[in-house]
Protein chains: 4
Amino acid sequence: MTEARSARVDRRHQITEAAVSAFAERGYHGTRIRDVAARAGVADGTIYLYFRNKEDLLLSIFETKMDQLLAGLAAILVGVDDPDERIRRFASHHLGMVRDHREAAEVLQVELRLSNKFLKRYRPEKLWAYLNVFAQIVRDGQAAGLYRRDIEPFIGMWAFFGSLDELAMQWVLSRRTERFTLEEAARQVADVFIRGLRTDASARPILVEAM
Amino acid sequence: MTEARSARVDRRHQITEAAVSAFAERGYHGTRIRDVAARAGVADGTIYLYFRNKEDLLLSIFETKMDQLLAGLAAILVGVDDPDERIRRFASHHLGMVRDHREAAEVLQVELRLSNKFLKRYRPEKLWAYLNVFAQIVRDGQAAGLYRRDIEPFIGMWAFFGSLDELAMQWVLSRRTERFTLEEAARQVADVFIRGLRTDASARPILVEAM
Amino acid sequence: MTEARSARVDRRHQITEAAVSAFAERGYHGTRIRDVAARAGVADGTIYLYFRNKEDLLLSIFETKMDQLLAGLAAILVGVDDPDERIRRFASHHLGMVRDHREAAEVLQVELRLSNKFLKRYRPEKLWAYLNVFAQIVRDGQAAGLYRRDIEPFIGMWAFFGSLDELAMQWVLSRRTERFTLEEAARQVADVFIRGLRTDASARPILVEAM
Amino acid sequence: MTEARSARVDRRHQITEAAVSAFAERGYHGTRIRDVAARAGVADGTIYLYFRNKEDLLLSIFETKMDQLLAGLAAILVGVDDPDERIRRFASHHLGMVRDHREAAEVLQVELRLSNKFLKRYRPEKLWAYLNVFAQIVRDGQAAGLYRRDIEPFIGMWAFFGSLDELAMQWVLSRRTERFTLEEAARQVADVFIRGLRTDASARPILVEAM
DNA sequence: AATGAATGAGAGTTCATTCAT
DNA sequence: GATGAATGAACTCTCATTCAT
């Protein structure tokens, strides 16, 4: 039973990876189920034993990758209390994942958006959980008097995510990665948001430190 | 001749608007040429007298709307020299356009991204021109000693655009606009970026003023 | 009125020639009415003032060219009584026309055959009139005791025409005309049929002469 | 494996036969893939599992039938050395096939010619192989001093084929087969060409025999 | 569980023809 | 008579999905 389950998990994983690679290369609409099946080394019909349909396959990639993203984020924030540092680590982790899982990132960035179901009907709960981590950092910073109270965490969270996402997209789209490094982008985005969130009072000591 | 030209322009416009509305409602892939034709009140074949194919229709919407966006931005920045104010106006104008042209924004935000040609092959020169306005503001601010030199305008430009774009997307996707207003979002994004870009030196006087 | 009629004839001729050239170049199905109109320097709709439809245009080419072919054949046979010589002139004239009106020949040879209406429903009376000239030569030769009576003129006529037609087709299809000359082909086909038609009695004197 | 292969061959054959019958009845352009599919008792898409496209289906009919034609010709000529007799058998076999495979002949005769690809781009190697059999008979006859050397085998081959082809076409087009029999046509064409090819010297003995 | 042949709905695009000007 | 913008029927081919083996 355990073996059977494990075999099932493996096969599912095998198909998912094939789909990630195929979607990244040719796009969701440009990829045929047959392509995925061929890459996974299974028959066309086998895909449907593991996924309801093509869109389910795409959504499943999102779920899997978001789980990894969330787990990684949690791990890297463990024991870190300083909101500034938490923001820096969030940015660094996010773009680090993009760099280390380029194909997956490409699918998430580019291909996932074209799924109407995903964008309009499907509630991406895991994305919300992910972004809420940032919103909570802002709230914590505000509670500590470190961040301004006139920035709504909800708006800040989307703005922050938008910045990271767009930079990831540009990095993914430009095959010429020399344009900028994801590490530098992470540093600058974190920096801008940290300073942008600071209260005037909290700004000063930092300025002094910086001097 | 003028009449003929004008008739041609009108008909083209008529089809474009029908496409904007159809794409916004049902998505690019979910929209059939027949749907667009019906909304425009013309025969299917007529579409092809004005556009090479379906994708050309989509791309043409982008071109037209970007022209409007660029023109509006230029108009609103005329005579404004202060980089901070220029950033505020940029954000306000961008999200104002989203609010006033919701359907078009929806198409640009959501549907355009699904066009592989657009994202990977087509170089959206007008988008670059648009974003370069922001990059130039940063450069001007840096030259004036107002903004920090360790923020690369190129990175900042994508980060800023990403923030606006993501907030626009969330506003467009959530039919419940009560979540947040675009005006408030514009104000907060501009604020975060302005403060985030400031040099420590330039930050102080502002802080004083703020007090 | 005469002027009007003449103008009408000219315009019709102009369109016909444009069609011949277009059909020869791109084939009947590969040619759009628009192509013909453009070559003729008229508007698309104008074609329909002179021809019922596209097929009518094709058939009209056939009629016109067959008239020329028939007239030319009649002219070249005037005063020639010897059946052998008449056969030689027939072959020579037919392939000569192909050589001198390559485009028209190409249309007749290749494109006309693809019109179901032409082949199956339309009775090509003019083709029959043309071929009957050959059948009559055979009958005359038989009456004169020159040609064998066991060759049916009807069968001979199609066989003869088939030979000429096929050679014309090969010449037209092979842009490399060096393979063989139409003159030589005409001579050989005439020769084979003349000898093939001769009675044994009539064959002998010739043989002697030939010696 | 053998079963699978055989099933594949059968299905392909089934579709081919349906296409032959459909093309013969309504013509290539007049036949929709749906018609072929319906006659074959398969779904539209199934056609495309066996043939690249509609034209491939037409070309494939040609290939298949030419294979049969060539094989039949070879069989009927085995052990026959006399050029005259070989010509008679060629004509008899060719028109016999037309008679026994009327639909296929109709497609080959009429419909195949309308395929530009076939006529202009595709080199019908099998047709050449078929006709070369006749050219070789002529060459052998010439080498044996039986046939005149001033008839080029290349020209003779097309002339001979043209005669057979045209008679086949007329027989196929005229639903009234009473006009002439293919057997009689074969006899007469062979006769005309044999006599037409003979040298004067070789003509005499035959004449005596004939007496 | 796995296969892969078969399905058939679906849609973009072309182009001959029309007709208001 | 001439125009050419508009029409809309027609048709091939694709590909996600199914299901008998």
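Chain letters run A, B, ... following the sequence lines, proteins first, then strands; residues in each count from 1.
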### Query
Where the side chain of B/Lys126 meets the backbone of B/Lys65, is there a donor-acceptor pair that is under 3.5 Å apart?
no
### Query
Which distance, rounded to the nearest 0.5 Å, do you find between the CD1 of C/Ile15 and the CD1 of C/Ile61?
11.0 Å
### Task
State the NZ-OH distance between B/Lys54 and B/Tyr48, to the nearest 0.5 angstrom.
8.0 Å
### Query
Is any NZ, NE, NH1 or NH2 atom of the basic residue among A/Arg39 and A/Glu103 found under 4.0 Å from an Asp or Glu carboxylate oxygen of the other?
no
### Task
Using atom CZ of B/Arg26 as one end and atom P of E/dA11 as the other, report the distance to the nearest whole Å.
10 Å
#### Entry: Distance, rounded to the nearest Å, where D/Phe51 contributes CZ and F/dT14 contributes P
15 Å
### Task
Scan A/Arg11 against the nucleic acid and name what it touches under 4.0 Å (heavy atoms): base, sugar-phosphate only, or nothing.
sugar-phosphate
### Query
From the list F/dT7, E/dA2, E/dA6, which nucleotide is the closest neighbour of the side chain of D/Leu49?
E/dA6
### Task
Let me know the distance between CD of D/Glu55 and C1' of F/dC13, rounded to the nearest Å.
15 Å
### Summary
Any stem touching DNA chain F, meaning at least three consecutive Watson-Crick or G-U pairs under 3.5 Å, ordered by first number, would be E:2-21 with F:2-21
## Note on the structure
Assert: residue with more 5' nearest nucleotide on DNA chain E, out of A/Val42 and A/Arg34, is A/Val42
## Note on the structure
From CG of C/Leu57 across to P of E/dT17 the rounded distance in Å is 10 Å
#### Entry: Atom-pair distance (CG on B/Asn53; C1' on E/dT14), nearest Å
13 Å
## Note on the structure
The nucleotide from F/dT17, E/dT17, F/dT7 with an atom nearest the side chain of C/Asp44 is E/dT17
### Message
Using whole Å, what does the distance between atom P of nucleotide F/dA16 and atom NE2 of A/His29 come to?
### Response
9 Å
### Task
Would you indicate, yes or no, if F/dA5 has its OP1 or OP2 atom less than 4.0 angstrom from a side-chain nitrogen or oxygen of B/Arg8?
no
### Message
I need the C/Ile47 CD1 to C/Asp56 CG distance, nearest 0.5 Å.
### Response
11.5 Å
## Note on the structure
The residue, B/Ile47 or D/Thr31, whose nearest nucleotide of DNA chain F is more 5′ is B/Ile47
### Query
Base, sugar-phosphate, or nothing: which does B/Tyr50 touch, judged by heavy atoms less than 4.0 Å apart?
sugar-phosphate
### Task
Kindly point out which of E/dG4, F/dT3, E/dA6 is positioned nearest to the side chain of D/Thr46?
E/dA6
### Query
Do C/Asp35 side-chain atoms and C/Arg32 backbone N/O form a donor-acceptor pair below 3.5 Å?
yes
### Task
Pick base, sugar-phosphate or nothing for C/Ile33, based on heavy-atom distances below 4.0 Å to the nucleic acid.
base
### Task
Would you mind reporting whether B/Tyr50 and B/Arg8 have side-chain heavy atoms less than 4.5 Å apart?
yes
### Message
Side chain of C/Arg32, heavy atoms from C-beta onward: which of E/dC15, E/dT14, F/dT7 has the nearest atom to it?
### Response
E/dC15
### Task
From the options F/dT17, E/dT13, F/dC13, select the nucleotide whose nearest atom is closest to the side chain of B/Tyr48.
E/dT13
